[in-house]
Amino acid sequence: METIFLKRIYEPFDENDGYRILVDRLWPRGISKEKARLNEWMKEIAPSNTLRQWFCHKPELFEEFRIRYVEELRTDETKQNLMKQILETAESSRVTLLYGAKDPIHNHAVILFEELMRGINAKYVQ
């Protein structure tokens, strides 16, 4: 099992990033497709537009946002399938999840990463 990492898309590309996946619903400002050097853009794994707009990157709403986004990740079939894809890719190569948010703590990519790690741990505990 390789592993999964988080990185802001504004950080420089590194060969060690492995398979690069943008997990934002909206394309990050000021980043060209060439500079992004993505392998994949999984916008459907991001929070729904309604949830994203409600949260509006306000740290005081983060815990409620976490609850709501985890619910989406665990119940939405499309998001479940995309998470499985990420986990399958991570079995054979390093995966870097890319996000555009300025706050490295209060953003959806952190929650997605935690859910993916939960999935990895569940697989090895069984």
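In this text the structure is predicted, and so the values were computed from the model without any measurement.
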List the steps and the verdict of side-chain contact (heavy atoms from CB on, under 4.5 Å) for Trp54 and Leu51.
CA-CA 5 Å; Trp54 172 84; Leu51 182 56; 3.9 Å; yes
Begin from the C-alpha positions of His108 and Val23 and carry the test side-chain contact (heavy atoms from CB on, under 4.5 Å) through to its verdict.
CA-CA 9 Å; His108 78 281; Val23 295; 3.9 Å; yes
Intermediate values then yes/no, side-chain contact (heavy atoms from CB on, under 4.5 Å), Arg74 and Glu115:
CA-CA 9 Å; Arg74 293 182 183 176; Glu115 281 296 291; 2.9 Å; yes
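Closest heavy-atom contact between Leu116 and Met83: CD2-O, 3.8 Å. Nearest heavy-atom pair across Ser93 and Tyr19 is OG-CB, 4.1 Å. Ser48 and Glu72 make their closest contact through OG-OE2, 2.7 Å (heavy atoms, listed as atom of the first residue, atom of the second, distance). The two residues Asn39 and Gly18 come nearest to each other via the heavy atoms OD1-O, 3.6 Å. Closest non-hydrogen pair, Tyr10 versus Gly100, comes out as CE1-O, 3.4 Å. Ile9 and Ile31 get closest at one heavy-atom pair: O-CD1, 4.1 Å.
Hydrophobic cluster membership differs between Phe5 and Ile86, with clusters built from Ile, Leu, Val, Met, Phe, Trp and Tyr side chains linked at under 4.5 angstrom. Residues Met42 and Val110 share a single hydrophobic cluster, defined by chaining ILVMFWY side chains whose heavy atoms lie under 4.5 Å apart. No chain of hydrophobic side-chain contacts below 4.5 Å, direct or via other Ile, Leu, Val, Met, Phe, Trp or Tyr residues, connects Ile4 to Leu22. Leu82 is not connected to Leu26 by any chain of hydrophobic side-chain contacts under 4.5 Å among Ile, Leu, Val, Met, Phe, Trp and Tyr, and they are in different clusters. Note: the hydrophobic cluster containing Ile120 also contains Phe113 (ILVMFWY, side chain heavy atoms under 4.5 Å, direct or indirect links).
Note: Trp27 and Trp41 have perpendicular aromatic rings, judged against thresholds of 30 and 60 degrees for the angle between ring planes. Taking the six-membered ring where tryptophan is involved, the planes of Tyr69 and Phe65 are essentially parallel, since the angle between them stays under 30° and well short of 60°.
The salt bridge (charged side-chain N to carboxylate O under 4.0 Å, His left out) analysis of residues 19-32, with sequence neighbours excluded, yields the pairs Asp17-Arg20. Pairs engaging residues 41-64 under the salt bridge (charged side-chain N to carboxylate O under 4.0 Å, His left out) rule: Glu63-Arg66, Glu64-Arg68 [sequence neighbours left out].
Using a 4.5 Å heavy-atom cutoff, the side chains of Ile45 and Thr78 are not in contact. Counting heavy atoms from C-beta outward, Lys7 and Asp14 have side chains that approach closer than 4.5 Å. Proximity of Pro104 to Leu6: side-chain heavy atoms (C-beta onward) are nowhere separated by under 4.5 Å.
Heavy-atom neighbours of Glu77 CD from other residues, nucleotides or ligands within 6.0 Å: at or below the threshold of 12.
The distance from atom CZ of Phe13 to atom CG of Leu98, rounded to the nearest 0.5 Å, is 10.0 Å. The line from CG of Leu97 to CZ of Arg8 is 15.0 Å long, rounded to the nearest 0.5 Å. The OH atom of Tyr99 sits 12.0 Å away from atom CG of Leu112, with the distance rounded to the nearest 0.5 Å. Atoms CD and CG, on Glu71 and Asp76 in that order, are 10.5 Å from each other to the nearest 0.5 Å. Here the straight-line distance linking atom CD1 of Ile21 with atom OG1 of Thr89 works out to 5.5 Å at 0.5 Å rounding.
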